[in-house]
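Worksheet: one structure, shown below.
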Amino acid sequence: MPTFREVLRAAEITLRDNTSGHRMHEIERILREHHAFSGLTPEKATAILEDLGPTFVKMGQIASNRSDVIPKAYADAFKTLRANVAPVPFSVIVDTIEASLGHPWRETFADIEEQPLGSASVAQVHRARLAQGLGDPVAAGAQEKRPAAGEAAGGAGGDAEEDAGDDSSGAAGRSAGEDSAADAAAGVAAGAATEQGTVVAVKVRRPNVVEQMAEDITLIRHALALADLTHVPDGIMLTLGDLVDELARTTAEEVDFSVELGNLQRFGAELADQPHVESPRPYPAFSTDEVLVMEYVDGVHINDVPALRAQGDDPAALGRRLAESYVTQVIDDGFFHADPHPGNILVRGRDIVWIDLGMTGSLSSSERAIVGRLFTAVAQNDAFALKDALLALAKAHGPVDHGLLLGQISALLDSYASADLADINVGTALLDVIEVMRTQNLTLPPSLTMLARGMMTIEGVLVDIAPEASVVEIISNHVRRQMLNLDALEAKAKSLFTATTASAEAATRLPTQVSHTLDMLDRGQVKVGADLHVPSDFTAALYSVSGIVAMALISAGLFVGSSLIAQTAMQPQLLGVPLLGILGYLGAFVLGVYVIWRVLLTRHQQRNDEKVE
């Protein structure tokens with residue numbers, strides 16, 4: 001039964017909903033067809049998102065990375081979502097590119113392939129060639145000068161950000177998942193130029209997608225308000241409102257290609273220190289918020305072992321380099337690929353190329369240090385260290401039973417203790433830990449959940465190409481090397497010096513503080529408060545015994561009182577005895593029998609280890 005507050009909330013959101021009535025009725029019809037108002041299951045929720053269309057599918061994919069705020073079963077189910085979106089007509093793509101450039105597209109591109117490499121709910125990707133003289137290689141991180149009007153102004157690009165499907169074809173961008181097929185279309189060999197011009201991938205945002213996203217998010221809020229009036233299992237509604245807010249922020253970034261442009265630039269700069277690891281080169285001069293131009297990568301998918309061996313690559317060596325690269329992204333750079341499935345990782349010659357930077361995760365310097373502790377704790381099976389690291393990152397949304405939490409983490413780690421180090425799946429272990437945290441009213445930063453999913457995906461890739469590689473071992477070695485480098489030793493020395501100074505200062509104050517405390521104790525100025533937590537079973541038994549004693553006293557009082565009344569001539573009388581005395585005897589008898597029955601029942605429950613009621 002909904003509360004009055006829930007009804008008011010649903011009414012308020014309905015009144016503020018300025019979206020089209022047709023779309024609102026459509027979403028309500030789909031919800032009713034799936035009987036959403038009678039409760040949701042992971043399978044039902046997935047089917048609903050698929051029927052609601054590409055925008056909702058994309059949001060479900062984002063939600064699949066938040067198993068800390070929605071049940072793990074729902075997050076796993078949402079991972080299967082795929083959006084099959086019909087391509088936008090080429091004429092519309094050309095209009096969008098020219099509106100972005102501000103002049104005819106042929107002034108920037110020699111040609112654009114009409115058949116898209118991939119199409120998804122937000123964008124689709126086309127292969128193209130820049131006009132001669134444009135797109136020559138530039139230094140890493142340098143900004144290309146935008147050509148003047150008439151030469152070839154910049155600003156094209158697109159991001160089919162939703163994995164367009166995995167078909168294992170050789171060219172990057174001809175496969176991937178739903179968020180990367182179109183993204184996989186990012187580039188030819190680094191800066192490779194033909195006589196006709198440099199080959200690039202152009203991501204173009206679908207028309208009206210920004211407005212559609214905004215409308216659909218409003219409709220999600222409306223559906224959420226209606227769902228509040230029904231029963232939804234597994235506590236999914238506890239934090240779903242916050243999740244919708246995060247989806248609104250994330251999708252706003254997804255439709256703004258300037259965000260992915262920045263990701264490509266930052267990622268490329270940070271990969272510069274990793275030998276034989278690259279990402280597509282972006283072309284800022286030709287990119288805007290609705291069009292993204294980047295290098296087209298021609299490579300083999302990282303999990304295509306026969307193709308890798310055919311071109312002379314060692315899959316095991318590539319797997320170790322891949323894992324080391326990902327750990328470096330997380331621990332050293334604090335900026336990592338959040339969707340590292342095989343369709344987004346290509347091998348070009350001897351180089352690993354990360355593509356599709358539409359979804360990334362970021363960690364602050366303090367979060368990186370804590371994540372390093374977290375990885376080490378998992379590797380060393382240290383429940384105390386893992387609990388401390390998690391609590392340093394977590395945000396509480398209710399009471400936390402720290403003893404129970406430690407027990408749950410210990411039990412979880414014990415389940416991995418019997419396994420060999422190489423057999424431990426870090427991603428799965430982290431997701432299990434996140435699920436434990438959720439049961440204790442604790443949520444972790446979104447980036448950590450994305451990291452857990454990313455680790456699990458990377459480990460899945462390693463199973464195919466380097467089954468002997470151990471991510472746990474790579475993490476442990478990386479953290480150990482990091483702790484022994486000059487910067488880490490210097491930071492450790494500074495921390496130790498600061499702690500020593502603080503301890504010395506506290507030690508000098510200790511005698512005075514002890515003296516003052518004893519003084520206050522001697523004067524009776526110290527008060528001690530205690531908060532006793534009595535088990536509910538004990539409290540229930542105490543209430544039961546107290547009630548029995550009270551009824552026994554009442555029974556005895558009625559008997560004594562009735563006996564005194566029986567000695568009087570009080571009227572009316574029955575058989576020569578005052579009626580009030582007879583009623584008193586009757587009440588005393590009934591209560592006495594009840595007290596005896598309760599005593600015997602309680603004794604029976606205690607002897608049989610039953611709950612005393």
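The basis for the numbers below is simple: all heavy atoms, side chains too, and nothing from hydrogens, waters or symmetry mates.
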request  = Using atom types as modelled and distance alone, determine if a side-chain donor or acceptor of R205 lies under 3.5 Å from a backbone N or O of F257.
outcome  = no

request  = Please tell me if the side chains of V461 and L322 come closer than 4.5 Å, counting only heavy atoms from C-beta onward.
outcome  = yes

Heavy-atom check, side chain of S119 versus side chain of R206, under 4.5 Å = yes

ask   = Is the side chain of E324 donor-acceptor paired with the backbone N or O of R321 at a distance under 3.5 Å, no angle test?
value = no

pair V202-E113: side-chain heavy atoms closer than 4.5 Å = no

Salt bridge flag under 4.0 Å for residues D313 and R350 = yes

key: OH-CD distance between Y326 and E459, expressed to the nearest 0.5 angstrom   = 10.5 Å

message = Between Q124 and V88 (side chain of the first, backbone of the second, donor and acceptor by atom type, cut-off under 3.5 Å), is there such a pair?
response = yes

inquiry  = Which heavy atom of L390 sits nearest to which heavy atom of L444, and what is that distance?
reply    = O-CD2, 3.8 Å

query = Hey, what's the ring geometry for W354 with H337, parallel, tilted or perpendicular (30° and 60° as the breaks)?
reply = tilted

query = Are any side-chain N or O atoms of S287 and backbone N or O atoms of V293, one a donor and one an acceptor, separated by less than 3.5 Å?
reply = yes

message = Rounded to the nearest 0.5 Å, what separates atom CD1 in I345 from atom CG in L318?
response = 11.0 Å

inquiry  = Under a 3.5 Å distance rule, please check whether N263 uses its side chain to pair with a backbone N or O of M359 as donor and acceptor.
reply    = no

ask   = With a 4.5 Å limit on heavy-atom distance, are the side chains of Q329 and T360 in contact?
value = no

task = Measure across V209 and V122 and return the closest heavy-atom pair with its distance rounded to 0.1 Å.
result = CG2-CA, 4.1 Å

query = Roughly how far apart are N344 CG and D339 CG, rounded to 0.5 Å?
reply = 5.0 Å

note = Hits for side-chain contact (heavy atoms from CB on, under 4.5 Å) against S362, two or more places apart or cross-chain, chain-then-number order -> R266, F335

task = Check step by step if side-chain contact (heavy atoms from CB on, under 4.5 Å) holds for H103 and T108.
result = CA-CA 9 Å; H103 59 256; T108 298; 3.1 Å; yes

ask   = Between R127 and L117, is there a donor-acceptor pair closer than 3.5 Å when you use the side chain of the first and the backbone of the second?
value = no

query = Within the side chain of E98, is there an N or O that forms a donor-acceptor pair under 3.5 Å with the backbone of W105?
reply = yes

ask   = Between the side chains of S100 and E290, is a donor N or O closer than 3.5 angstrom to an acceptor N or O?
value = no

ask   = Nearest 0.5 Å, what's the CG-CG distance between L363 and D333?
value = 10.5 Å

request  = In sequence, state the C-alpha distance, the side-chain angles, and the governing distance for L451 and V330, and then conclude on side-chain contact (heavy atoms from CB on, under 4.5 Å).
outcome  = CA-CA 8 Å; L451 171 60; V330 173; 3.4 Å; yes

query = Yes or no on side-chain contact (heavy atoms from CB on, under 4.5 Å) for T198 and Y283, after CA distance, side-chain angles and deciding distance?
reply = CA-CA 11 Å; T198 304; Y283 289 86; 3.3 Å; yes

message = Is any side-chain heavy atom of D256 closer than 4.5 Å to one of V259?
response = yes

request  = State the OG1-NZ distance between T443 and K395, to the nearest 0.5 angstrom.
outcome  = 6.5 Å

ask   = What's the spacing between E278 CD and I355 CD1 if we round to 0.5 Å?
value = 13.0 Å

pair N477-I474: side-chain heavy atoms closer than 4.5 Å = no

query = Just wondering, do V300 and Q311 contact through their side chains at under 4.5 Å, heavy atoms?
reply = yes

key: Non-hydrogen atoms of E260 and L357 that approach each other most closely   = OE2-N, 3.5 Å

remark   = Between F336 and S447 the two heavy atoms that sit nearest each other are CZ-O, 3.4 Å

F90 and H126 aromatic ring geometry - parallel, tilted or perpendicular at 30°/60° bounds = tilted

task = Specify the closest pair of heavy atoms between S279 and L264, including all atoms of both residues, with the distance to one decimal.
result = OG-O, 4.2 Å

query = Shortest non-hydrogen contact from P342 to I302?
reply = CA-CG2, 3.9 Å

task = For R368 and I331, indicate whether the former's side chain and the latter's backbone hold a donor-acceptor pair under 3.5 Å.
result = yes

ask   = If we only count heavy atoms from C-beta on, is the F109 to L130 side-chain gap below 4.5 Å?
value = yes

Worked verdict on I112 versus I97 for side-chain contact (heavy atoms from CB on, under 4.5 Å) = CA-CA 11 Å; I112 302 175; I97 292 175; 3.8 Å; yes

